[in-house]
Number of protein chains: 2
Amino acid sequence: MSDRPRRRIPEATVERLPEYLRILSELDDDLDHISSEQLADLAGVNAAKVRKDLSYLGSYGTRGVGYEVAYLVFQVRRELGLTHDWPVIIVGAGNLGQALANYAGFVDRGFPVAGIVDVDPAKIGSVIGGVRVRHVDELATLVRSRKVSIGVVATPPGAAQDAADLLVGAGVTSILNFAPTVLSVPRDVSVRKVDLAVELQILGFHEQRRSVPSLSIVLDADSSRTASA
Amino acid sequence: MSDRPRRRIPEATVERLPEYLRILSELDDDLDHISSEQLADLAGVNAAKVRKDLSYLGSYGTRGVGYEVAYLVFQVRRELGLTHDWPVIIVGAGNLGQALANYAGFVDRGFPVAGIVDVDPAKIGSVIGGVRVRHVDELATLVRSRKVSIGVVATPPGAAQDAADLLVGAGVTSILNFAPTVLSVPRDVSVRKVDLAVELQILGFHEQRRSVPSLSIVLDADSSRTASA
DNA sequence: CCGAGTTCGTGAATGTGTGCACAAGCGCGT
DNA sequence: ACGCGCTTGTGCACACATTCACGAACTCGG
Ligand SMILES: NC(=O)c1ccc[n+]([C@@H]2O[C@H](COP(=O)([O-])OP(=O)(O)OC[C@H]3O[C@@H](n4cnc5c(N)ncnc54)[C@H](O)[C@@H]3O)[C@@H](O)[C@H]2O)c1
Ligand SMILES: NC(=O)c1ccc[n+]([C@@H]2O[C@H](COP(=O)([O-])OP(=O)(O)OC[C@H]3O[C@@H](n4cnc5c(N)ncnc54)[C@H](O)[C@@H]3O)[C@@H](O)[C@H]2O)c1
């Protein structure tokens, strides 16, 4: 219990752990154990993958029985660093920034909105999701006083790099970028990008392939990203 | 020109093509050629990767010169199926659904919002981004009359499977899911999921690792998803 | 206490993605 | 016409991810 092997966890596994965690958290309270196969079904993946993923955290299952849900939740949360909350600051209080700030799902999963900033005087002072919109000049102060290490960029593309620079300058070390722009940041800052138009374009690609049945295989079901009944 | 090799394109490449396309589209008009290295820099990836990605589309570059931007844009658009628009229907006109409908970036990139539906009488009839919100009962009619093949699920998690079933029943074959739920759909329907809380949790994981310097390597810069200066 | 049935943990095989390194091809200047 | 410098396209080696298959370890009933 006290020792932590702290082995390296593959990135692909890290990307699935939050999904397992969500599913486990939503399970009925009277279900105290779950098998890799049950969890796999709920997550839409292969059972062997679930076992391998969980094995990176340690040997927390019991053969012939499965995994104890409460304990597994605890272990996954610990591994993901969710033993404490990670306050988040949102830059840009437009359509998307407001939707994000209003979204209860963030605080529920350990990411309270510690601040929202904008440059538009019309937006500053308004309250969204219980948080008052501040001027972007106050960003650094907010980040430092609230010990924020994660920033969300929800500005127009032209302002995204500026926003990122501000965040990095204030000490933020992780950025979630919604603007369709490639951000330049120091190597020790993590950036993840969510581009909704890209998602649609990927769907469009497969959609198009579907309608022009290739000479070889008629339907190459893309098992990678698609969940099936 | 008339022949189309129609080779299989790796999924990883498909996921990068939209980004290349966006960058190419935003280039100065007076730049008529671009090298793989320049494009790689702009996209924050390796030049060899750009060349390999583009080589799946065909040999559209010229050695010693680079790629002709206009022609490359055309080819990438063709490959992604963007020779025509893909109308999209949004289910759920809440915070997120409204932000999406208001977002000009979709229609700009070939995905006009053909309809928005909801169950809430208070929302039905209002106009968002130039589109009137309809009752969810009209979904099938809308999908058929506007030839929609892509649906966006922006309902609360509890209603997401219902929304997906409705979409599939109406003939939609690609779904972009924003609800934190695993959707069950027939095997021939593509689903992509965007879970913003998952993105934050992944950042949180790396954030935590950062603060507990592992015994082995102090900072394992995650090159996979992070763009760096 | 034993055997049947269950489920985990993981080695090994296979599949997919990345990046180096270099030959082949092109343009340009002389 | 030719050589030189530049850039593409790709073979190859390596890294990473997925899946299978099976031994190990557990439960339970008799
Ligand atoms: N709305 C969507 O559904 C959607 C979908 C995909 C991507 N996006 C992207 O998300 C970003 C935000 O989209 P949106 O629809 O909310 O745009 P928006 O125009 O509604 O909001 C942008 C906000 O950023 C503020 N801003 C501008 N410059 C700033 C700066 N330097 N510092 C701080 N704030 C600044 C503006 O005042 C505005 O309030 C854009 O990059 C957009 O491309 C939005
Ligand atoms: N708002 C965000 O920033 C955000 C971020 C991440 C994920 N999400 C997810 O996106 C989804 C939507 O979030 P939101 O903030 O817009 O929620 P919301 O509650 O503001 O909006 C949901 C809308 O869906 C409608 N709806 C409910 N049942 C429906 C049905 N059966 N058919 C059609 N419409 C129905 C509701 O009337 C409401 O208008 C949720 O699943 C949420 O978890 C939202």
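For A:R51, counting side-chain heavy atoms from C-beta on, the closest listed nucleotide (C:dG19, C:dT10, D:dT8) is C:dT10. Residue A:S59 places its side chain closer to C:dG9 than to any other of C:dG9, D:dT7, D:dT19. Set against C:dC26, C:dC8, C:dG19, the side chain of B:K52 has C:dG19 as its closest nucleotide. Closest contact between the side chain of B:A48 and the listed nucleotides D:dT18, C:dG19, C:dG27 involves C:dG19. In the set D:dA17, C:dC22, C:dT10, C:dT10 carries the atom at the smallest distance from any side-chain atom of A:S55.
Ionic pairing of A:E11 and A:R16 is not present here: no N-O contact between side-chain nitrogen and carboxylate oxygen is shorter than 4.0 angstrom.
Using a 4.0 Å cut-off, no side-chain N or O of B:Y56 falls inside it from OP1 or OP2 of C:dG17. Phosphate proximity of C:dT7 to A:Y60: absent, as no side-chain N or O sits under 4.0 Å from OP1 or OP2. Phosphate proximity of D:dT18 to A:R16: present, with a side-chain N or O under 4.0 Å from OP1 or OP2.
The nearest whole Å value for the distance from the CD1 atom in A:I9 to the P atom in D:dA17 is 12 Å. Distance, B:K49 NZ to D:dC14 P: 19 Å, rounded to whole Å. Rounded to an integer number of Å, the gap from CG of A:L39 to P of C:dT6 is 20 Å. In this entry the distance linking CG of B:L57 with C1' of D:dG9 reads 13 Å, nearest Å. Rounded to a whole Å, the NE2 atom of A:H33 is 14 Å from the C1' atom of C:dC8. Atom P of nucleotide D:dT19 and atom CG of A:D53 are separated by 11 Å, given to the nearest angstrom. A straight line from CZ of A:R8 to C1' of D:dA17 spans 11 Å, rounded to a whole angstrom. Between A:E37 atom CD and D:dT19 atom P there is a gap of 14 Å when expressed in whole angstrom units.
Taking the ring centroids of B:Y71 and B:Y60, they lie under the 6.0 Å cut-off.
Along DNA chain D, the nucleotide nearest to A:N46 and the one nearest to A:T62 differ in position, and the one closer to the 5' end is contacted by A:N46.
With sequence neighbours left out, the salt bridge (charged side-chain N to carboxylate O under 4.0 Å, His left out) criterion links A:E207 to A:R210. Partners of A:N177 by side-chain hydrogen bond (donor to acceptor under 3.5 Å, both in side chains), not counting sequence neighbours: none found.
Scanning atom types as modelled, one donor and one acceptor separated by under 3.5 angstrom connect the side chain of B:R63 and the base of D:dT8.
The shortest distance between side-chain heavy atoms of B:E199 and B:V194 does not fall below 4.5 Å.
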